[in-house]
*Asks:* 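Mind having a look at this structure? Questions to follow.
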Number of protein chains: 2
Amino acid sequence: MATIKDIAKHVKLDISTVSRALNESPRVKESTKKYIKRVANKLGYQKNDIARGLATKKTNTIGLLISDISNPFFAELTKGVEYEANKKGYSVILCNSNWDPKKERDSIDVLKGKRVDGLLIHASMGLTGIYKKEYKDDKIPEVFLGNFFDHKDYDEFYYVSIDNIKAAHETTSYLISLGHRRIAHITGNITKDNKGYNILIDRLNGYKLALEEAGIKYNNDLILETSPGISSSCNITKEFIKEHKYVTAIFASCDIMALGVYKAIFDLGLKIPLDISVAGFDDIEISSLLNPKLTTYEQPKFEMGSAATKILLDLINGNKPEKKGLILKSNGLIKRESCKFLEH
Amino acid sequence: MATIKDIAKHVKLDISTVSRALNESPRVKESTKKYIKRVANKLGYQKNDIARGLATKKTNTIGLLISDISNPFFAELTKGVEYEANKKGYSVILCNSNWDPKKERDSIDVLKGKRVDGLLIHASMGLTGIYKKEYKDDKIPEVFLGNFFDHKDYDEFYYVSIDNIKAAHETTSYLISLGHRRIAHITGNITKDNKGYNILIDRLNGYKLALEEAGIKYNNDLILETSPGISSSCNITKEFIKEHKYVTAIFASCDIMALGVYKAIFDLGLKIPLDISVAGFDDIEISSLLNPKLTTYEQPKFEMGSAATKILLDLINGNKPEKKGLILKSNGLIKRESCKFLEH
DNA sequence: TTGTACGCGTTATCAC
DNA sequence: GTGATAACGCGTACAA
């Protein structure tokens with residue numbers, strides 16, 4: 001593969017001139033620039049970002065650490081990240097932890113080893129605590145996507161999120177306004193695992209708040225915790241419904257879990273919303289294709305990705321935003337068909 | 001950030017010894033190895049893959065070029081790629097073309113600039129023709145994911161796929177066996193755009209074959225072409241149904257398009273499968289959650305990704321598989337609820 | 001078992 | 001406007 005040295009030999013100019021020409025330096029004659037480029041082309045020259053990275057200490061690459069690319073929420077978010085990054089000439093290395101704490105931690109090392117210019121992190125439990133101790137010193141710019149360690153860290157890290165408490169509050173209140181009082185909430189393993197699930201904790205708190213306002217006593221038995229996948233959500237919901245027949249509504253902390261709930265209810269021969277109302281969170285594209293269409297709280301997924309990336313690139317280029325946190329606007333609760341008025 | 005030079009200074013040994021120790025070279029005393037590693041740890045040393053890459057001409061990174069990460073088919077495939085790559089110590093840089101030919105071409109350059117060790121490509125129209133001319137010479141290992149340029153290239157490139165002709169043939173035949181004769185087929189822009197959609201062409205040919213066997217005349221009006229997204233598929237299907245009321249079944253070339261078809265049919269106030277039967281392709285996870293559950297031809301998505309990656313890593317390490325193409329086994333047609341016997 | 005010296009392909013800082 | 005040369009951080013023959 002041709003290098004600038006090869007080009008230099010061909011055009012009988014110095015390697016440094018070639019470098020400048022290829023980088024559009026103004027301090028090189030237009031004609032020689034053209035000439036050099038033509039030769040470069042002819043030799044099939046391709047820039048070597050590795051060598052350049054070593055010299056400039058920049059890779060024009062950012063790392064994206066998420067939990068599950070199969071979840072359309074993350075897929076959309078990833079698109080937002082890629083869009084914004086590519087627009088500014090950056091590539092993104094994707095790391096999927098698959099909800100595996102060890103993989104999550106390892107990924108950070110891999111990414112740092114590759115000298116990414118910045119990190120975009122949707123943390124799950126893997127990073128809790130440990131992260132802060134280990135990496136606090138040699139910090140590279142990083143922005144968190146909603147989820148990070150602990151609420152205490154809200155003013156220590158950059159992040160992009162929506163107001164999850166408000167969102168869950170609104171959704172739960174809607175269910176209550178329909179007459180529901182026995183409302184279950186299905187969420188991630190927020191108590192079993194470490195912390196690090198602050199967005200889910202926020203949603204749980206929003207749920208609690210709505211209950212409290214309505215004078216409904218919070219019941220811990222109505223909280224289902226499992227990993228955020230369709231089948232795990234389905235299984236736990238099935239068990240749950242069998243033992244808690246009196247529940248009339250289920251609020252899922254993400255649409256993927258709502259899908260599992262749907263499947264569980266169908267499998268048990270029950271009907272949505274006739275027997276049980278279901279509300280979700282995220283508004284992934286297929287939510288409106290389900291039958292019945294899922295009522296869910298929208299998250300600006302693509303925008304979360306692009307906004308976080310924008311901040312990260314600012315950070316990389318030395319521009320610190322005034323506030324650490326960016327709370328995005330949501331389209332709110334999308335009322336569709338999966339929740340109905342509770343008749344007695 | 002500490003370098004091996006810093007470590008060398010600390011332990012009062014040569015930088016080369018440090019390098020060897022960190023790379024588990026057998027030619028360095030165990031005790032000094034331990035010592036060096038301890039110091040490295042204390043200094044917070046992190047390996048610099050950029051510098052290493054320059055020295056070794058290896059990046060332990062592969063590039064993955066796909067069309068749309070929002071499509072669960074690609075998400076699953078990506079997971080397979082990541083799984084296999086990570087297992088062997090490779091990272092993957094993801095490039096999403098979003099069906100944009102220009103972006104697709106550009107991505108290849110970016111990836112090569114970053115000196116990835118190999119390329120995994122699900123080509124769409126962007127690479128057709130051009131690709132072969134431009135990059136034929138300085139080839140880096142590459143494996144195609146089902147889709148590539150032209151059927152003529154089948155023995156020129158490495159690829160992993162399923163037998164798409166057989167699959168589409170089987171699916172269409174099933175529809176025919178249910179009594180359907182006016183069967184539409186919705187697919188990508190295979191005639192409008194360039195070639196480069198050989199898997200879709202294969203599926204179309206399987207469809208034609210089945211019709212032919214059944215003595216049904218192929219009708220070009222029943223082929224809908226659009227970009228493989230939910231809303232585009234929905235729109236074109238709506239228009240189509242209005243003008244072709246006599247159609248009793250629609251075979252979609254991927255599940256995402258089947259979703260669009262579902263939406264179109266619902267929006268028109270029709271019922272699946274009562275008014276129109278629908279068959280898909282891929283068997284993405286939500287297919288079985290739809291109401292009615294989608295009948296679809298399964299593709300081993302994760303395995304396609306992992307198998308292709310395995311081949312690519314073999315190629316990278318100098319082991320050429322005997323055959324260029326690997327045809328994976330599928331679980332075949334998953335018969336669910338979206339197709340029914342046609343009554344007269 | 002450890003040290004020396006060079007190269008990887010580029011950018012950057014001087015000169016001229 | 002162009003050239004010479006020293007980095008960048010690491011791996012690796014070749015010596016010792």
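Worth saying up front: this structure is predicted, and the values here are computed from it rather than measured. Just so it is clear, the values below take in all heavy atoms, side chains as well, and ignore hydrogens, waters and symmetry mates. Below, chains carry the letters A, B, ... as their sequence lines are ordered, and counting in each starts from 1.
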*Asks:* I need the NZ-C1' distance between B:K5 and D:dG9, as an integer number of Å.
*Replies:* 8 Å

*Asks:* Give a yes/no on whether any side-chain N or O of A:Y45 is located under 4.0 angstrom from OP1 or OP2 of C:dT10.
*Replies:* yes

*Asks:* Please report the distance, rounded to the nearest Å, between CD1 in B:I15 and P in C:dG7.
*Replies:* 16 Å

*Asks:* Please tell me which of the listed nucleotides, C:dT2, D:dG9, D:dG3, lies nearest to the side chain of A:L54?
*Replies:* D:dG9

*Asks:* Nearest to the side chain of B:D14, which nucleotide is it out of D:dT2, C:dG3, C:dT2?
*Replies:* C:dG3

*Asks:* On the nucleotide C:dT1, are OP1 or OP2 found under 4.0 Å from the side-chain N or O atoms that B:T32 carries?
*Replies:* no

*Asks:* Nearest whole angstrom, please: distance from the P of D:dG1 to the CD1 of A:I36.
*Replies:* 13 Å

*Asks:* Say whether A:S70 and B:K79, considering side chains only, have a donor N or O and an acceptor N or O under 3.5 Å apart.
*Replies:* yes

*Asks:* Among C:dG9, D:dG11, D:dT2, find the nucleotide with the atom closest to the side chain of A:T17.
*Replies:* D:dT2

*Asks:* What is the distance, to the nearest angstrom, from the CZ atom on B:R20 to the C1' atom on D:dA16?
*Replies:* 12 Å

*Asks:* So which nucleotide from D:dC10, D:dC8, C:dT4 ends up closest to the side chain of B:R52?
*Replies:* D:dC10

*Asks:* Atom NZ of A:K57 and atom C1' of D:dC10: how far apart are they, to the nearest Å?
*Replies:* 12 Å

*Asks:* Using only heavy-atom distances, determine whether the side chains of B:S25 and B:N23 contain a donor-acceptor pair under 3.5 Å.
*Replies:* no

*Asks:* Hey, does the side chain of B:E303 reach the backbone of B:L328 with a donor-acceptor pair shorter than 3.5 angstrom?
*Replies:* no

*Asks:* From the options C:dA5, C:dT11, D:dG11, select the nucleotide whose nearest atom is closest to the side chain of A:N23.
*Replies:* C:dT11

*Asks:* Checking B:R115 side chain against A:K47 main chain: does a donor-acceptor pair fall under 3.5 Å?
*Replies:* yes

*Asks:* Please determine, for the side chain of A:K29, which listed nucleotide (D:dC10, D:dG1, C:dT10) has the closest atom?
*Replies:* D:dG1

*Asks:* When you match B:R27 and A:A51 each to their closest nucleotide on DNA chain C, which lands nearer the 5' end?
*Replies:* B:R27

*Asks:* Below 4.0 angstrom from OP1 or OP2 of D:dC10, is there any side-chain N or O of B:S19?
*Replies:* no

*Asks:* Within this structure, what is the NZ-to-C1' distance between A:K47 and C:dT11, rounded to whole angstrom?
*Replies:* 15 Å

*Asks:* Would you mind reading off the distance between A:I4 atom CD1 and C:dC8 atom C1', rounded to a whole angstrom?
*Replies:* 12 Å

*Asks:* Determine whether any donor atom in the side chain of A:R115 lies under 3.5 Å from an acceptor atom in the base of D:dG9, or the reverse, and answer yes or no.
*Replies:* no

*Asks:* Can you figure out which of C:dA5, D:dG9, C:dT10 approaches the side chain of B:A55 most closely?
*Replies:* D:dG9

*Asks:* Specify the separation, in whole Å, of atom CG of A:L13 and atom P of D:dT2.
*Replies:* 7 Å

*Asks:* Using modelled atom types and a 3.5 Å cut-off, is there a donor and acceptor pairing between side-chain atoms of B:N98 and backbone atoms of B:D100?
*Replies:* no

*Asks:* When all nucleic acid strands are considered with a 4.0 Å heavy-atom cut-off, which category describes A:D49: base, sugar-phosphate, or nothing?
*Replies:* nothing

*Asks:* Using a heavy-atom cut-off of under 4.0 Å over every strand shown, decide if B:S16 touches base, sugar-phosphate, or nothing.
*Replies:* base

*Asks:* Can you tell me how the ring of B:W99 sits relative to the ring of B:F74, calling it parallel under 30°, perpendicular over 60° and tilted otherwise?
*Replies:* perpendicular

